[in-house]
Amino acid sequence: MTDITTRAVPHTTPRSTYGLAELDKETRMGGAGTETTAREIRRIDLSDFEARKAEITEELWAAATDIGFFQLVNHGIEQDLVDQAFTNAEGFFALPEAHKARHGLKKGLNSGWESMTQVRPSVGTPDQKESYQVTRPHMEGLWPDDVLPEFRLRALDFEARCREVAMRVLSCFADKLGFDRDFFARAHDPRSEHYQSTLRMLHYFALPEDAEPDRNVWRAGAHTDFDCLTLLFQRDGQGGLQVCPGKEAEAQEWTPVVPSADTITCNIGDMLMRWSNDRLPSNFHRVKSPGPGEDRGARYSIAFFAQADRDVVIEGPEGRYPPITAEQYIQQRIAANFAR
Ligand SMILES: O=C(O)CCC(=O)C(=O)O
Ligand SMILES: [Fe+2]
C-alpha cells in the first residue's frame with residue numbers, strides 16, 4: 001500500500017513568476033486561438049460498472065491519454081437529482097446580493113459565495129460569473145438555512161453522489177498507474193478534517209442586449225483545474241465551454257463541448273498530472289462570452305473538483321515533480337487566482 005499521509009515536504013523554491021510550471025503554462029493560454037470540431041469527445045458508458053470495470057478502464061485510459069477529456073453517460077446519478085441540484089443552485093443565485101454576501105467566500109478554503117473575483121492568470125480580467133462553493137469542513141455560517149431550508153441537504157447529497165462517481169473513475173486510473181484500487185478514495189476521504197474536494201455551483205451572467213461583446217472578457221478564462229478530476233454538469237442549450245488537450249496546448253485550437261444535461265464532462269486536473277508523471281495530462285478549458293449574434297442568456301453549470309485531502313503528499317513514482325502536500329498545492333493556485 002502506498003503511503004499517502006503527511007510527512008515532511010521540502011519547501012519548493014519558486015523557479016518562475018508563480019513557482020509552478022502549470023501556472024506559467026496557463027499565462028500563455030489567454031489568446032483567442034482558433035476553433036476546431038475535428039476532435040472526438042468520447043462518451044464512456046459507466047453502466048454495469050463492477051462487471052465491466054476492466055473494459056471501462058481501457059476506454060477511460062485511452063480517452064484520457066489520447067485527448068484528455070471525455071464524457072460519462074449512464075453515470076449513476078439520476079436525472080431528477082441533477083435537475084434538482086440545478087434548481088437548488090438557481091434558488092441560491094436568485095437571492096438578493098446583500099443576502100448572498102452574508103455567506104461570502106472564505107479566502108483560501110473554497111467555501112462560500114463570490115462574484116466576479118476570480119481573475120485567471122491567462123487573461124487577467126475577472127470571470128463574468130458568481131459561484132458558490134461547498135467544501136464540507138468549512139461551511140460554518142455559509143448555509144442560507146433561514147431562506148432556503150432544503151438547500152444544505154440537497155447540496156451535501158449531490159456532493160456525495162459526485163464524489164462516488166469521481167472515485168469510481170479514479171479507481172480505474174489507479175489500476176493503470178499501479179496504485180491499489182482504493183488509493184484515490186483514501187486520498188479524498190470525506191470523514192477527514194483535511195478533506196478539500198469542492199462542489200461548485202456557477203452562474204455566468206446574461207449579457208445585456210445593449211452591451212458590446214468584448215473579446216478580452218471571458219465567462220471563464222482559459223485554465224487547467226487544480227484537482228485530480230473534475231466532473232462538470234451542464235444544461236442543454238447553455239453552451240460556451242471549449243477545451244484544448246494539455247498535450248496540444250501550443251497549437252491553441254479549441255473544441256466546443258456541446259452541452260447535454262444527461263452527460264458529465266470530465267477533465268483531468270493538475271494533481272493527477274503530477275501523480276501520474278504526466279501520463280495523464282491536464283486539460284485547458286474556458287467558457288467564452290456570447291459573441292455577436294449569439295444567445296446572450298445566462299449559463300448555469302455545476303462542477304465537482306476531486307481535490308486530494310490537505311495532508312496528502314502528491315508525488316509521482318519517477319520524481320519528475322518535487323513532493324508537495326495537496327494543501328500547499330491548492331494554496332498556491334488559489335493565491336494566483338483570487339486577489340481578494
Ligand atoms: O462552467 C463551466 O463550464 C466550467 C467551469 C470551470 O471550468 C471551473 O470552474 O473550473
Ligand atoms: Fe475549470
Side-chain angles (χ1 to χ4, degrees), residues 22-23 25-26 29-30 41 68-72 82 85-86 89-90 92-93 105 110-123 125-135 159 162 166 196-207 217-246 249 254-261 263-273 281-290 294-295 297-307 329-330 333-334 336-338:
E22 291 89 322
L23 279 165
K25 215 190 306 170
E26 199 164 292
M29 294 299 287
I41 301 180
F69 53 88
F70 50 87
Q71 292 184 320
L72 305 177
V82 175
F86 275 97
E90 287 175 31
F92 179 85
F93 292 128
L105 185 74
N110 282 330
S111 307
W113 175 77
E114 62 76 40
S115 180
M116 306 260 289
T117 68
Q118 186 162 14
V119 178
R120 311 276 183 178
S122 60
V123 292
T125 49
D127 284 358
Q128 303 297 297
K129 67 156 194 273
E130 57 181 330
S131 72
Y132 177 86
Q133 301 189 92
V134 176
T135 302
E159 193 264 1
C162 289
Q196 62 172 352
S197 293
T198 299
L199 182 74
R200 185 180 215 191
M201 308 170 194
L202 296 136
H203 171 212
Y204 302 93
F205 307 119
L207 192 66
V217 171
W218 297 85
R219 282 184 157 174
H223 65 280
T224 52
D225 290 339
F226 322 158
D227 58 351
C228 285
L229 180 74
T230 305
L231 308 184
L232 183 75
F233 297 83
Q234 306 183 79
R235 302 271 81 191
D236 288 334
Q238 298 182 6
L241 177 67
Q242 298 180 319
V243 296
C244 177
W254 297 85
T255 299
V257 178
V258 178
S260 132
T263 64
I264 303 177
T265 301
C266 294
N267 287 307
I268 306 289
D270 294 324
M271 280 187 175
L272 193 55
M273 177 188 75
S282 56
N283 314 120
F284 282 95
H285 52 285
R286 63 188 187 184
V287 183
K288 73 186 218 42
S289 289
E294 287 177 341
D295 178 38
R299 168 186 165 86
Y300 292 88
S301 65
I302 300 179
F304 175 76
F305 301 102
Q307 294 173 152
Y329 191 69
I330 295 286
R333 301 298 295 272
I334 291 176
N337 269 264
F338 291 91

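Whatever order the structure lists ligands and atoms in, that order sets their numbers, starting from 1.
At the top of the distance list for atom 5 (C) of ligand 1, counting protein heavy atoms only, stands Y204 OH, 3.4 Å. Summary of contacts: the protein heavy atom closest to atom 6 (C) of ligand 1 is H223 NE2, 3.8 Å. Nearest to atom 9 (O) of ligand 1 among the protein's heavy atoms is R200 NH1, 3.1 Å.
Residues N110 and Q307 are in side-chain contact: their nearest non-hydrogen atoms beyond the backbone lie under 4.5 Å apart. With contacts defined as side-chain heavy-atom distances shorter than 4.5 Å, the pair P259/D236 does not qualify. Taking 4.5 Å as the limit, some side-chain heavy atom of I330 sits within range of a side-chain heavy atom of M271. Side-chain atoms of R120 and R286, non-hydrogen and from C-beta on, never get closer than 4.5 Å to each other. A 4.5 Å side-chain heavy-atom check between Q71 and V257 finds at least one atom pair inside the cut-off. Looking only at side-chain heavy atoms (C-beta outward), V287 and Q238 stay at 4.5 Å or farther from each other. At least one side-chain heavy atom of H223 sits under 4.5 Å from a side-chain heavy atom of D225.
Judged by the shortest distance from any of its heavy atoms, Q234 lies outside the 4.0 Å radius around the atoms of ligand 1. Residue contact annotation: R299 has a non-hydrogen atom under 4.0 Å from ligand 1.
At least one donor-acceptor pair closer than 3.5 Å links the side chain of D127 to the backbone N or O of G221.
The aromatic ring centroids of F86 and Y300 lie 6.0 Å or more from each other.
The proximity of D225 to ligand 1, defined as any non-hydrogen pair under 4.0 Å, is limited to the side chain. Neither the backbone nor the side chain of A303 has a heavy atom within less than 4.0 Å of ligand 1.
The ligand atoms of ligand 1 that sit less than 4.0 angstrom from a heavy atom of H285 are 7 (O). Within ligand 1, counting atoms from 1 as listed, the ones closer than 4.0 Å to a heavy atom of F305 are 8 (C), 9 (O), 10 (O).
For the Fe ion (ligand 2), the nearby protein N/O/S atoms, meaning those under 2.8 Å, are H223 NE2, D225 OD1, H285 NE2.
Under 4.0 Å is where a charged nitrogen must lie from a carboxylate oxygen, and between E90 and R235 no such pair does.
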